[in-house]
Amino acid sequence: MSTNRRQFLSSAVGGLVTAGATAGTRRAWAQGAAPNVQPGKIKPGGRDVLLVVDVQNDFIPGGALPVKEGDLIVPLVNQIATGFEHVIMTQDWHTPGHISFASAHPGKKPFETTKLAYGTQVLWPDHCVQGTLGADFHKDLKIPHAELVIRKGYRKQMDSYSAFFEADGKASTGLAGYVRDRGFRQVFLVGLATDFCVCWSALDARKVGLGALVVEDACRGIDTNGSLAKAWDQMTKAGVKRIRSADLSA
């Protein structure tokens, strides 16, 4: 886990340090930083891809691990997706009894921590268990032209936040290779939650050499003890661009 990300997570959750991050800078196939966002419209092209992060029932109000107003982004995400030729979706996909669940650790409660081989792990309520309704995409999420669904967190002994790498910073989801082989140069991110899975995915996109732009109003954050502001600060320092849906051309 990088020092900066460890410090961010430590302070963000008031002593709850979430597990692992990408270790070191990986070999990049694209050159240069993400482009500066200029006033006016941004029209996604053939080398751009929209990454829709974890818009699943358990992260929606009423789910096992809800993000406030998570349901409100769904119509906007659908609208944004129509402007992209290429769309990838991510899906938390935990095994029953996953190591990140408090229920897998006798005597532990949700949001407490434990030490694991890859670092300190926050223990979550059971969520996004494979094959359950909670793991399904929100029923109103309609992106029929999505080309790939990346499932993460399916390794029983390891948690995952980023769409690119699992919590040890080494185990790959396969997304980095897929994006490289398809020739994509830039990723636009929407989904849940801004200060965790969206943030970690954006940071790892930069680490593998991609431009990264987060569409702020098409995300929602948890914002615990200032975690949202800290996430934006980290993303900005990494060259992630912060835009609004209005900056995108239809």
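- At least one side-chain heavy atom of Met89 sits under 4.5 Å from a side-chain heavy atom of Leu141.
- Heavy-atom minimum distance, Asp48 versus Lys43: OD2-O, 4.3 Å.
- Relative ring orientation between Trp124 and His127 is described as perpendicular, the plane-to-plane angle rising above 60° on a 0-90° scale split at 30° and 60°.
- Counting only heavy atoms from C-beta outward, the side chains of Ile150 and Phe164 never approach each other to under 4.5 Å.
- Taking 4.5 Å as the limit, every side-chain heavy atom of Asp58 sits out of range of all side-chain heavy atoms of Val129.
- In this structure, the side chain of Gln130 engages the main chain of Trp93 through a donor-acceptor pair within 3.5 Å.
- Using a 4.5 Å heavy-atom threshold, the side chains of Asn57 and His138 count as touching.
- Phe188 and Phe84 have perpendicular rings, their planes meeting at more than 60° on a 0 to 90° scale where under 30° would count as parallel.
- At a threshold of 4.5 Å between non-hydrogen side-chain atoms, the residues Pro44 and Glu85 do not count as touching.
- Considering only heavy atoms from C-beta on, Val208 comes within 4.5 Å of Phe165 through its side chain.
- Note: Phe184 and Tyr178 have tilted aromatic rings, judged against thresholds of 30 and 60 degrees for the angle between ring planes.
- Hydrophobic clustering keeps Val67 apart from Leu72 (ILVMFWY residues linked when any side-chain heavy atoms are closer than 4.5 Å, directly or through intermediates).
- Salt-bridge check for Lys68 with Asp223: failed, with every basic side-chain N at 4.0 Å or more from each acidic carboxylate O.
- Contact of the Lys156 side chain with the Ile99 side chain is not registered, since no non-hydrogen atoms from C-beta on lie closer than 4.5 Å.
- A salt bridge does not link Asp247 with Lys41: none of the charged nitrogens is closer than 4.0 Å to a carboxylate oxygen.
- The nearest pair of heavy atoms linking Met235 to Leu203 is CA-CD2, 3.9 Å.
- Hydrophobic cluster membership is shared by Leu76 and Leu192, with clusters built from Ile, Leu, Val, Met, Phe, Trp and Tyr side chains linked at under 4.5 angstrom.
- In terms of heavy atoms, Val198 sits closest to Cys219 at CG1-SG, 4.2 Å.
- More than 12 heavy atoms of other residues, nucleotides or ligands sit less than 6.0 Å from atom CZ of Arg182.
- No side-chain heavy atom of Asp159 sits less than 4.5 Å from a side-chain heavy atom of Glu166.
- The two residues Ala238 and Arg206 have their closest heavy-atom pair at O-NE, 3.0 Å.
- The structure places CG of Asn78 at 10.0 Å from CD1 of Ile73, a figure rounded to the nearest 0.5 Å.
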